[in-house]
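Remember, it's 1-based here, ligands and their atoms both numbered in the order they're listed.
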Amino acid sequence: MKRIFFLFLLLAHVASAQEISIIPKPASVQTKSGQYTISSHTTLVAKDKEDRKAAEFLNAYLQEVYGFQLDIDKKEKKDYIRLSTRKQAQAAKNDAYTLNVTPQGVTIEGDTYAGTFYGLQSLIQLLPVEKSASLKIPAVTIQDAPRFAYRGMHLDVGRHMFPVSFLKKYIDYLALHKMNYFHWHLTEDQGWRLEIKKYPELTSVGGFRDGTIIGRYPGTGNTNQRYGGFYTQEEAKEIVKYAADRHITVIPEIELPGHSSAALTAYPWLGCPGTGPYKVEQTWGIFDDVFCAGKDSTFTFLENVLDEVMAIFPSKYIHIGGDESPKANWKTCPLCQKRIKDEGLHDEHELQSYFIQRIEKYINSKGRTIIGWDEILEGGLAPNAVVMSWRGEAGGIEAAKQNHYVIMTPGTHVYFDHSQSQREDSVTIGGFTSIEKAYSYEPIPKELTPEQAKYVLGAQANVWTEYMSNPAKVEYQIFPRMSALSEVLWTAPEKKSWPDFEKRLMTQFKRYDLWGANYSKAYYDIMASVLPAPGNEGVTLKLDGKKDIGQLRYTIKGKQAAQEYTQPLQLKESAQVTGLYYKNNQLIDSLSLKVSVNKATGKAITLKEQPSEYFPGNGAFTLVDGIVNEKGGRDQQSIGYSGSDLEATIDLGTAQQISSVTVHALNAGGTYVYPPKAVEVYGSADGKNFKPLGTTDKVSSVEGSKAILKVAMSPATTRFVRVAVKNTQTVPAGKQGEGEKAWLFLDEIQVN
Ligand code: ACM
Ligand code: ZN
């Protein structure tokens with residue numbers, strides 16, 4: 001019965017030619033009249049082995065999505081899709097292609113084999129997004145070429161690992177988006193995932209942990225279940241070949257000197273004498289157990305590991321990590337200290353630089369190039385290193401100015417472990433990076449001259465998997481943001497357009513459905529932004545919905561029944577606002593936001609020192625926007641200071657009686673984030689002469705990753721309130737990262 005019904009549907013549904021809706025947007029699209037129909041009479045003509053691989057990709061896609069395949073032949077046919085590569089232009093290497101569809105057939109001609117493959121990806125996006133027996137494609141001529149040479153996606157398999165079948169799917173997703181680098185993060189504190197034949201315990205011991213924290217760090221418990229596994233060298237080679245057939249290079253990452261607890265657990269002699277015992281970590285964060293820089297045996301070990309890695313991965317680039325490597329063990333290690341002295345180094349930062357440079361020299365001697373996270377700038381950059389800028393763009397800018405190649409992966413725009421919804425239900429690492437934000441990314445910073453800009457190879461999204469324990473969650477985190485990123489990387493800036501992308505995104509959602517991919521529908525979310533209000537009276541709350549496809553209403557709890565939203569709301573009192581988003585009179589989304597108005601809310605505020613460029617939030621206004629960050633997590637609702645204090649001065653506008661100041665901070669020791677050591681409050685009538693009103697050095701309450709400090713005072717009348725928030729400065733003894741600079745994160749200051 002079911003089958004007959006399905007057949008009926010197939011016959012009834014004669015697909016209409018699709019509107020052209022290709023992501024990433026091609027350089028030039030000329031539509032023609034007429035169409036071509038792919039049918040069982042169509043032959044895939046591919047003249048050589050490489051183009052045949054592209055033809056096989058198309059066949060696999062047709063089989064998977066539409067349930068049939070085409071014949072592949074070397075000879076010309078009457079009814080054809082012809083793939084060919086202009087080998088004489090191979091030297092140009094810009095991977096351009098021309099795709100021409102006429103009623104007689106389809107020709108795809110690439111400047112390179114990769115170009116031909118990209119042309120094929122555009123053809124795939126001309127296919128109907130309904131499953132159909134008849135594949136009509138519109139007549140068109142497309143000429144196209146990529147903007148950036150490096151178009152990457154990263155995947156962390158250390159925190160959680162995924163089957164080889166999913167890695168292949170992930171690689172297919174890259175291919176379908178014309179991306180060409182897969183950065184495979186293979187080693188972590190929580191697991192070493194690549195078989196190394198010379199050191200079998202890296203995987204037999206380092207590949208497994210005895211449990212995993214439950215929930216968001218610091219967690220609500222532990223699974224107490226053994227978790228782990230690894231990829232054999234044969235599997236890794238299979239992945240490399242699978243990717244290469246899709247013109248994708250796999251860049252392996254072997255983390256050093258930090259994030260190496262798993263390796264140290266397998267071979268404790270890799271650590272500094274007197275440290276340990278080690279374990280494969282069960283929680284997330286940054287750990288002190290790093291490779292000892294004083295022992296030559298560490299370097300011999302790493303060289304042996306890298307020999308095997310380079311034999312598996314032909315990539316020119318080998319990623320050696322370099323991020324988040326605490327110096328605590330090195331500071332007390334006699335061997336590391338001797339190394340510092342013998343090499344004439346100044347401190348442990350220069351020792352890290354020595355470590356990276358020594359590894360670089362080895363990798364260079366094998367004809368390869370290292371990539372490192374931007375911390376490798378500290379203490380002096382290795383001579384030939386490529387820098388991957390993740391803590392914002394500052395590291396990338398600095399490296400490009402030093403004539404080093406750069407790959408941009410800033411946390412602000414392309415960390416796909418961040419939430420993409422302002423009210424994400426599932427646990428994520430925090431943050432908020434909407435698809436709009438990802439789409440808005442421009443990899444060439446304004447700070448660079450055109451000459452320096454040439455050092456920016458491209459960009460990449462990072463997918464850290466602390467909170468992605470299965471393939472469906474990975475898909476949910478990458479889609480649809482990966483489609484936005486593909487356009488950032490491929491399409492010339494003058495061709496990019498958010499409204500145009502939005503239209504094509506509707507078709508892309510249908511493609512995800514065809515692929516069976518799980519994806520976030522946060523695009524349809526109502527978005528709320530809180531902005532300064534005129535005259536510093538309360539705050540302005542702006543709601544945004546996709547107005548062309550729906551209607552936006554709002555309520556204010558206890559005050560305002562549902563009514564159409566026509567303009568930003570001016571809130572002078574505390575309010576719980578709910579935005580309601582309707583499509584065809586059906587509620588499809590709602591968003592509730594609590595604005596807590598106190599004497600400081602929306603008032604003019606200045607900061608003595610600006611926050612870290614990595615965590616700027618929405619500037620000083622963040623602290624008086626009336627939004628308390630309930631969940632914790634470093635996002636746009638908080639601002640961060642590394643090792644230094646925060647001092648804010650708030651102008652209440654008029655002299656007012658105040659009796660308390662409450663400071664909302666974050667508490668996440670695993671990533672060096674600690675509550676303030678103390679809060680001091682001062683008052684002034686003129687904004688010049690301040691006198692002390694009160695102080696506290698006690699945390700009033702800690703809940704999960706949130707800490708609150710409240711200064712209660714005898715009532716005082718003041719116009720200006722100065723709040724000095726003291727950073728604990730260094731990570732306390734006995735904690736992960738002891739002695740490192742501590743982070744201070746604040747999301748709100750309330751005055752009552
Ligand atoms: C990183 O996100 N630690 C590179
Ligand atoms: Zn040491």
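No side-chain donor-acceptor contact under 3.5 Å links Tyr441 and Glu487.
A ring-ring contact (aromatic ring centres under 6.0 Å, His included) with Phe479 holds for exactly one of Tyr519, Phe416, Tyr173, Tyr170; it is Tyr173. Residue Trp390 forms a side chain to side chain donor-acceptor pair (under 3.5 Å) with just one option from Glu375, Glu324, His154, and that option is Glu375.
A heavy-atom distance below 4.5 Å is not found between the side chains of Ser261 and Tyr278.
Closest to atom 3 (N) of ligand 1, if we only count protein heavy atoms, is Asp323 OD2, 2.6 Å.
Here Glu324 has side-chain heavy atoms under 4.0 Å from ligand 1, and that is the only part of it that gets that close.
Checked against the 6.0 Å centroid criterion, the rings of His183 and Trp373 qualify as a close aromatic pair.
For the pair Arg216 and Tyr467, the cation does not sit on the ring face, since its NZ or CZ is not both under 6.0 Å from the ring centre and inside 45° of the axis.
Under a 4.0 Å criterion applied to the non-hydrogen atoms of Trp390, ligand 1 contributes the atoms 1 (C), 2 (O), 3 (N), 4 (C). For ligand 1 and Trp464, the ligand atoms under 4.0 Å from any heavy atom of the residue are 1 (C), 2 (O), 4 (C).
Rounded to 10°, the angle formed at the Zn ion (ligand 2) by Cys292 SG and Cys333 SG is 120°. The SG atom of Cys336 and the SG atom of Cys272 meet at the Zn ion (ligand 2) at an angle of about 110°, given to 10°.
Residue-to-ligand polar distances place Tyr415 within reach of ligand 1: an N/O pair is separated by less than 3.5 Å.
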